[in-house]
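We use all heavy atoms of the structure for the numbers below, so side chains are in, but hydrogens, waters and symmetry mates are not.
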Amino acid sequence: QVQLVESGGGLVQAGGSLRLSCQASGVTFNAMGWFRQAPGKERELVAAINWSDSSTKYADSVKGRFTISRDIAKITVYLQMNSLKPEDTAVYYCAARLLSRSKVVYTSEGDYGYWGQGTQVTVSS
């Protein structure tokens, strides 16, 4: 079975940190990303990575605060979130695709065929 399982969400005060993880099973993915969706808002890209060349892309709102990384051996992608703000509150979803082109970072929901169940991140003021 191809599966993505997220963990690491929770409640944190503004300025705090969380580390999300997403472990895949059943297949090795070549591109993975994180999206988030707040109540009443559209799902949006947070960060994405193309492991073929380690290319990454971040939403402007999280640049400099969040870091995406991947452990190839564990087929796991991480999202280190620092200096969290209340506006970061959302359900965070892990996404993956099997194929990726060199130096291309996939930033659209439609680029990804596999999704995790989501993990809640709540940042209090």
Side-chain angles (χ1 to χ4, degrees):
Q1 293 283 341
V2 177
Q3 188 176 14
L4 300 174
V5 180
E6 299 129 324
S7 62
L11 175 64
V12 65
Q13 292 184 329
S17 298
L18 286 173
R19 189 193 190 203
L20 306 183
S21 63
C22 173
Q23 185 168 29
S25 62
V27 68
T28 298
F29 297 100
N30 292 306
M32 299 183 75
W34 290 95
F35 292 76
R36 68 185 181 188
Q37 187 169 22
K41 294 188 176 182
E42 299 288 329
R43 187 174 299 183
E44 64 178 357
L45 173 76
V46 178
I49 186 167
N50 184 334
W51 199 245
S52 65
D53 57 10
S54 299
S55 298
T56 58
K57 187 174 179 63
Y58 297 90
D60 289 340
S61 60
V62 307
K63 194 173 299 181
R65 300 187 297 122
F66 292 8
T67 302
I68 187 171
S69 62
R70 183 183 179 186
D71 186 325
I72 296 177
K74 296 180 179 180
I75 320 177
T76 300
V77 65
Y78 303 95
L79 185 68
Q80 179 66 46
M81 304 185 294
N82 299 326
S83 302
L84 283 162
K85 304 175 181 179
E87 52 262 43
D88 295 318
T89 296
V91 177
Y92 284 69
Y93 297 91
C94 175
R97 61 178 284 136
L98 294 174
L99 302 176
S100 62
R101 300 193 301 274
S102 296
K103 300 182 180 181
V104 175
V105 180
Y106 299 91
T107 60
S108 299
E109 292 182 64
D111 293 327
Y112 296 91
Y114 300 90
W115 293 83
Q117 80 286 352
T119 185
Q120 177 71 47
V121 172
T122 302
V123 184
S124 62
S125 300

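The two residues A47 and L79 make their nearest non-hydrogen contact at CB-CD1, 4.1 Å.
Distance OG/S55 to CZ/R101: 12.0 Å, rounded to 0.5 Å. Between the NZ atom of K57 and the CG atom of N50 there is a distance of 13.0 Å, given to the nearest 0.5 Å. Between S125 atom OG and K85 atom NZ the span is 12.5 Å, to the nearest 0.5 Å. With rounding to the nearest 0.5 angstrom, the OG1 atom of T67 is 11.0 Å from the CZ atom of R19. The structure places CD1 of I68 at 12.5 Å from CD of Q80, a figure rounded to the nearest 0.5 Å.
When the shell of 6.0 Å around CZ of R43 is examined, it contains more than 12 heavy atoms from other residues, nucleotides or ligands. A 6.0 Å sphere centred on CD of E87 holds more than 12 heavy atoms belonging to other residues, nucleotides or ligands.
In terms of modelled atom types and a separation under 3.5 Å, the side chain of D71 and the main chain of T76 share no donor-acceptor contact. In this structure a side-chain-to-backbone donor-acceptor pair under 3.5 Å is present from Q117 to E6. Not a single donor-acceptor pair under 3.5 Å links the side chain of Y114 to the backbone N or O of L98. Counting only distance, with no hydrogens or angles, the side chain of D53 and the backbone of K103 share a donor-acceptor pair below 3.5 Å. Panel note: side chain S100, backbone N30; a donor-acceptor pair is recorded below 3.5 Å. Remark: side-chain polar atoms of T89 are paired, donor with acceptor, to backbone N or O of V123 under 3.5 angstrom.
Linking ILVMFWY side-chain heavy atoms closer than 4.5 Å, directly or via other members, places L20 and Y93 in two distinct hydrophobic clusters. The cluster map of Ile, Leu, Val, Met, Phe, Trp and Tyr, joined by side-chain heavy atoms under 4.5 Å apart, puts I49 and V27 in the same cluster. Note on Y78: it does not cluster hydrophobically with M81, by side-chain heavy-atom contacts below 4.5 Å among ILVMFWY residues. Both V46 and Y58 are members of a single hydrophobic cluster when ILVMFWY side chains are connected at heavy-atom separations under 4.5 Å. Hydrophobic cluster membership differs between V105 and F66, with clusters built from Ile, Leu, Val, Met, Phe, Trp and Tyr side chains linked at under 4.5 angstrom.
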Inset, instruction - Take Y112 and R97 through the side chain to side chain donor-acceptor pair (under 3.5 Å) test and state the conclusion after the steps. - result: CA-CA 5 Å; Y112 296 91; R97 61 178 284 136; over 6 Å; no

Legend entry - Chi angles and distances behind the side-chain contact (heavy atoms from CB on, under 4.5 Å) call for L4, F29: CA-CA 10 Å; L4 300 174; F29 297 100; 3.7 Å; yes

Inset, instruction - Carefully, step by step, assess K63 and D60 under the rule salt bridge (Lys or Arg N to Asp or Glu O under 4.0 Å). - result: CA-CA 5 Å; K63 194 173 299 181; D60 289 340; 3.3 Å; yes

Inset, instruction - Please step through side-chain contact (heavy atoms from CB on, under 4.5 Å) for the pair R36 and V121, ending with a clear verdict. - result: CA-CA 9 Å; R36 68 185 181 188; V121 172; over 6 Å; no

Inset, instruction - Please step through side-chain contact (heavy atoms from CB on, under 4.5 Å) for the pair C94 and W34, ending with a clear verdict. - result: CA-CA 5 Å; C94 175; W34 290 95; 4.0 Å; yes

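Evaluation of the ring pair (Phe, Tyr, Trp, His ring centres under 6.0 Å) rule for Y106 yields no partner, not counting sequence neighbours.
The hydrophobic cluster around I75 extends to none of the other residues, as no ILVMFWY side-chain heavy atom falls under 4.5 Å of it.
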